[in-house]
A.B. asks: 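Input: one structure, supplied below.
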Amino acid sequence: QVHVVESGGGSVQPGGSLTLSCAVSVRVFGILNMAWYRQVPGKEREFVARITYYNNINYADSVKGRFTISRNDAKNTVYLQMNSLKPEDTAVYYCNANDPINSAYNYWGQGTQVTVSS
């Protein structure tokens, strides 16, 4: 069984920063693509950032220049550094792990709440 556990969510003021972490219990973390998504009630889950097993990175236009995704394969962990946060960044943030070769390997964390307000 694969477990994906997010942490680091919380409440911050606009313009503030927050770092999310995602730890994955898997034997070989380095073969996985990792991504962050976010969702608010009543809306579809949206893509935020992705980092592949070979460290190719892409971001949603809405967070480009403000968010940074990174991974530490020795710790089986992916991070999302969020700077210059805006109220519209408020959402539940989910971590996703998937195998680019095996489509059946697709796991989500429980989510962590990020709230940006004055």
A.B. asks: Find the distance between CE (M34) and OG1 (T77) and round it off to the nearest 0.5 Å.
C.D. replies: 8.5 Å
A.B. asks: If you compare all heavy atoms of L85 against all heavy atoms of R66, which two are closest, and at what distance to 0.1 Å?
C.D. replies: CA-NH1, 3.9 Å
A.B. asks: So do R50 and W36 actually touch side chain to side chain, heavy atoms under 4.5 Å?
C.D. replies: no
A.B. asks: Could you check I31 against F29 for side-chain contact (heavy atoms from CB on, under 4.5 Å), going step by step and ending with a plain yes or no?
C.D. replies: CA-CA 6 Å; I31 66 172; F29 180 79; over 6 Å; no
A.B. asks: Go through it in stages, so that I can follow the logic: the residues are V12 and T115, the test is side-chain contact (heavy atoms from CB on, under 4.5 Å), and I'd like the CA-CA distance, side-chain angles, deciding distance and then a yes or no.
C.D. replies: CA-CA 6 Å; V12 296; T115 302; over 6 Å; no
A.B. asks: Just by distance, do the side chain of D99 and the backbone of Y105 share a donor-acceptor pair under 3.5 Å?
C.D. replies: no
A.B. asks: Please tell me if the side chains of T112 and L20 come closer than 4.5 Å, counting only heavy atoms from C-beta onward.
C.D. replies: yes
A.B. asks: With the threshold set at 4.0 Å, does a side-chain nitrogen-carboxylate oxygen contact exist between K64 and D61?
C.D. replies: yes
A.B. asks: For a 4.5 angstrom cut-off between non-hydrogen side-chain atoms, does V40 reach T90?
C.D. replies: no
A.B. asks: Rounded to the nearest 0.5 Å, what separates atom CZ in R38 from atom CD in Q113?
C.D. replies: 12.0 Å
A.B. asks: In this structure, are over 12 heavy atoms from other groups packed under 6.0 Å from E44 atom CD?
C.D. replies: no
A.B. asks: Checking side-chain contact (heavy atoms from CB on, under 4.5 Å) for the pair V48/Y59: CA distance, chi angles, key distance, verdict?
C.D. replies: CA-CA 6 Å; V48 175; Y59 298 96; 6.0 Å; no
A.B. asks: Would you check if there is a donor-acceptor pair between the side chains of S17 and N83 at a distance under 3.5 Å?
C.D. replies: yes
A.B. asks: Do E6 and C95 have side chains that get closer than 4.5 Å, going by heavy atoms?
C.D. replies: yes
A.B. asks: Should C22 and V4 count as side-chain neighbours, where that means a heavy-atom distance under 4.5 Å?
C.D. replies: yes
A.B. asks: Is there a side-chain contact between I69 and V78 in this structure, where contact means two heavy atoms from C-beta onward sitting under 4.5 Å apart?
C.D. replies: yes
A.B. asks: Just so I know, are the side chains of I57 and N55 near enough to count as touching, which here means a heavy-atom distance under 4.5 Å?
C.D. replies: no
A.B. asks: Assess, by modelled atom type and distance only, whether the side chains of Q13 and S118 contain a donor and an acceptor separated by less than 3.5 Å.
C.D. replies: no
A.B. asks: When you group the ILVMFWY residues by side-chain heavy-atom contacts below 4.5 Å and let the links chain together, are Y79 and V24 in the same group?
C.D. replies: no
A.B. asks: Under the 3.5 angstrom rule, does the side chain of R71 hit a backbone N or O of T52 as a donor-acceptor pair?
C.D. replies: yes
A.B. asks: Under 3.5 Å, side chain of S25 to main-chain N/O of H3, donor-acceptor pair present?
C.D. replies: yes
A.B. asks: For the side chain of D89 and the backbone of K86, is there at least one donor-acceptor N/O pair under 3.5 Å apart?
C.D. replies: yes
A.B. asks: If I take atom CG from residue L80 and atom OG1 from residue T68, how far apart are they, to the nearest 0.5 angstrom?
C.D. replies: 8.0 Å
A.B. asks: F47 and Y37: aromatic ring centres closer than 6.0 Å?
C.D. replies: yes
A.B. asks: Could you give the distance from OH (Y53) to CG (D73), rounded to the nearest 0.5 Å?
C.D. replies: 12.5 Å
A.B. asks: How far apart are the C-alpha atoms of Y107 and V26, what are their side-chain angles, what is the distance that settles it, and do they pass the side-chain contact (heavy atoms from CB on, under 4.5 Å) test?
C.D. replies: CA-CA 11 Å; Y107 296 94; V26 66; over 6 Å; no
A.B. asks: Is there a side-chain contact between Y94 and Q39 (heavy atoms, below 4.5 Å)?
C.D. replies: yes
